[in-house]
Protein chains: 2
Amino acid sequence: MKIDPIDILKQNDLKHTKQRVRVLEEIAMDNVAISQPELEKKLGKEIDRVTLYRILNVYEDKGILHRVMDLNGTANYAICSSSCTSEHHHDEHVHFNCTNCHKIYCLDVTIPQVKMPAGFSAVALNSTAYGVCEKCNARVKN
Amino acid sequence: MKIDPIDILKQNDLKHTKQRVRVLEEIAMDNVAISQPELEKKLGKEIDRVTLYRILNVYEDKGILHRVMDLNGTANYAICSSSCTSEHHHDEHVHFNCTNCHKIYCLDVTIPQVKMPAGFSAVALNSTAYGVCEKCNARVKN
DNA sequence: TCATAAAATGCAATGTCATTGCATAAACTT
DNA sequence: AAGTTTATGCAATGACATTGCATTTTATGA
């Protein structure tokens, strides 16, 4: 999937600023979700802390990014599939949270449906696996 | 399942203090996970903020409680099944996070196993459904 | 039961992280 | 190009968690 930050901004009626473009570029870099602290480390020289928060919030509201919480309650962000809108976030894939490098991967694995008990109506289902990721496993072996 | 706070403390080599007992009592009250802020609201008069944090941490370390993060990154705590130890948390049931009352339920539904991509080794799998819970659904209908 | 040692508690201070208000700067419109 | 609207950056504030230390409480053994 090709990501064009400028297209995304236009489609969502957002003004085109270099900060917003940079954030999208950074998050689209690979298929892992990136945490707010990491983003801040990478973009801190170019973008103010506050602006970063605001951009991330706008993107989440618009359905451009989805937010995943890791075990420490830190927010991680990844590009949403194209079907997400501000009304509906479809985030129906399994996440993988590496306990070594703390990266969160969006796996290409759909979440198996589970039966809810009577009275409970679910609108979304999240699933996160914890363990050691590809890269960290490789690093140990070699 | 019957919960006896004093037994639990003995089994885990923890000193018997009234604060520790109160925390366990409060969390064992129903089958939903309770958040740190809620606990603080309920116990704030009896227990100092800091002590509460420390107790929760000890309980988590010992495998007495497990911690679930909600969408806002707030920690929620629930009594662990008896098989949890400080080395291994088995938390292999689906959680239900009510978007109305924000309670987190531990459902009696085991998480379906999912296949990991090559290279990824998972040691734990968490699953959380979001929606409206039993009680909130009932409240709307009547 | 009392004295002692070990540990938990409460308070104050510190640290981290997120949010708000406002002046300035940048982007879209005509 | 000028004016309006919106985003940005900075400073201040607010919410939340952690650490150090003095005091209190619990467990142990005479």
Side-chain angles (χ1 to χ4, degrees), chain A residues 4-27 33-62 64-65 67-77 86 102 104, chain B residues 4-27 33-62 64-65 67-77 86 102 104:
Chain A
D4 182 355
I6 297 172
D7 274 3
I8 293 182
L9 292 174
K10 274 192 190 141
Q11 280 162 26
N12 288 277
D13 292 313
L14 292 173
K15 285 198 174 171
H16 164 234
T17 70
K18 60 177 182 300
Q19 292 88 339
R20 285 179 177 170
V21 172
R22 288 291 295 117
V23 170
L24 280 180
E25 283 173 353
E26 211 54 59
I27 295 182
I34 186 168
S35 68
Q36 195 282 332
E38 277 180 289
L39 275 171
E40 198 178 318
K41 213 160 44 176
K42 287 197 177 182
L43 298 172
K45 308 279 178 194
E46 322 172 40
I47 307 182
D48 183 80
R49 241 180 110 62
V50 179
T51 305
L52 182 56
Y53 280 118
R54 287 194 273 230
I55 291 177
L56 291 173
N57 285 336
V58 173
Y59 285 175
E60 203 196 344
D61 285 351
K62 292 279 185 178
I64 299 171
L65 297 182
R67 190 174 60 167
V68 195
M69 285 292 168
D70 66 18
L71 279 179
N72 305 314
T74 310
N76 288 63
Y77 296 90
S86 39
H102 300 108
I104 296 187
Chain B
D4 182 354
I6 297 172
D7 273 5
I8 293 181
L9 291 176
K10 273 191 191 143
Q11 280 162 27
N12 289 277
D13 294 311
L14 293 174
K15 284 198 174 171
H16 165 234
T17 70
K18 61 176 180 305
Q19 292 89 338
R20 285 179 174 169
V21 172
R22 288 292 295 116
V23 170
L24 280 179
E25 282 173 353
E26 212 55 58
I27 295 183
I34 185 168
S35 68
Q36 195 281 332
E38 278 180 288
L39 275 171
E40 198 177 319
K41 213 159 47 177
K42 287 196 178 182
L43 298 172
K45 308 278 178 195
E46 322 172 39
I47 306 182
D48 184 79
R49 241 181 109 62
V50 179
T51 304
L52 182 54
Y53 280 118
R54 285 195 274 230
I55 290 177
L56 291 173
N57 284 336
V58 172
Y59 284 177
E60 204 196 343
D61 284 352
K62 291 281 186 177
I64 299 171
L65 297 181
R67 191 175 61 166
V68 195
M69 285 291 167
D70 66 19
L71 279 179
N72 305 314
T74 311
N76 288 65
Y77 296 89
S86 40
H102 300 107
I104 296 187

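Per chain, numbering begins at 1; letters A, B, ... match sequence-line order. Predicted model, so just to flag it, every value in this text is computed and none were measured. Atom set for the values below is all heavy atoms of this structure, side chains included, hydrogens, waters and symmetry mates excluded.
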Student: Within the structure provided, determine whether B/Tyr59 and B/Leu14 are in side-chain contact (heavy-atom separation under 4.5 Å).
Tutor: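 Sidechains of B/Leu14 and B/Tyr59: in contact.
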
Student: Rounded to whole Å, please give me the gap between NZ in A/Lys62 and C1' in D/dT6.
Tutor: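 To the nearest whole Å, that distance equals 13 Å.
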
Student: Could you tell me whether the side chain of B/Ile27 reaches within less than 4.5 Å of the side chain of B/Leu56, counting heavy atoms only?
Tutor: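 They are in side-chain contact.
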
Student: In whole angstrom, what separates B/Glu60's CD from D/dT18's P?
Tutor: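 Atom-to-atom, B/Glu60 to D/dT18, this comes out as 11 Å.
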
Student: List the atom of B/Tyr77, the atom of B/Gln36, and the distance in Å for their closest heavy-atom pair.
Tutor: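 Closest heavy-atom pair between B/Tyr77 and B/Gln36: CE1-CB, 4.5 Å.
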
Student: Quick one: A/Leu52 CG to D/dC10 C1', roughly how many Å, whole number?
Tutor: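 Rounding to the nearest Å, CG of A/Leu52 and C1' of D/dC10 are 16 Å apart.
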
Student: Rounding to a whole Å, what distance do you find between A/Asp13:CG and C/dT29:C1'?
Tutor: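 Taking CG of A/Asp13 and C1' of C/dT29, I get 15 Å after rounding.
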
Student: What's touching nucleotides 19-28 of chain C from the protein side, N or O pairs under 3.5 Å?
Tutor:
residue, atom, partner, partner atom, Å
C/dC28, OP1, A/His16, N, 2.8

Student: Which part of the nucleic acid does A/Glu40 contact within heavy-atom distance under 4.0 Å: base, sugar-phosphate only, or nothing?
Tutor: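 Contact class for A/Glu40: none.
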
Student: Grab the CG-P distance between B/Asn12 and C/dA8 for me, whole Å please.
Tutor: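 The answer, rounded to whole Å, is 13 Å.
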
Student: Hey, does B/Arg20 have a side-chain heavy atom less than 4.5 Å from the side chain of B/Leu9?
Tutor: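 Yes, their side chains come closer than 4.5 Å.
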
Student: Given D/dT25, is OP1 or OP2 found less than 4.0 Å from the side-chain N or O atoms of B/Gln19?
Tutor: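 No, no such contact exists.
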
Student: Return yes if some donor-acceptor pair links the side-chain N/O of B/Arg67 with the main-chain N/O of B/Asn57 below 3.5 Å, else return no.
Tutor: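 Judged by distance alone, no pair lies under 3.5 Å.
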
Student: For A/Glu25 and A/Arg22: C-alpha separation, side-chain torsions, deciding distance, then whether salt bridge (Lys or Arg N to Asp or Glu O under 4.0 Å) applies.
Tutor: CA-CA 5 Å; A/Glu25 283 173 353; A/Arg22 288 291 295 117; 2.9 Å; yes

Student: Take atom CG of B/Asn72 and atom P of D/dC16, then tell me their distance rounded to the nearest Å.
Tutor: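 Spelled out: CG on B/Asn72 to P on D/dC16 is 11 Å.
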
Student: Rounded to whole angstrom units, what separation is found between the CG atom of A/Leu56 and the C1' atom of C/dC17?
Tutor: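 Whole-Å distance recorded here is 14 Å.
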
Student: Separation of B/Leu9 atom CG from C/dA8 atom P, in whole Å?
Tutor: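 Answer to the nearest Å: 11 Å.
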
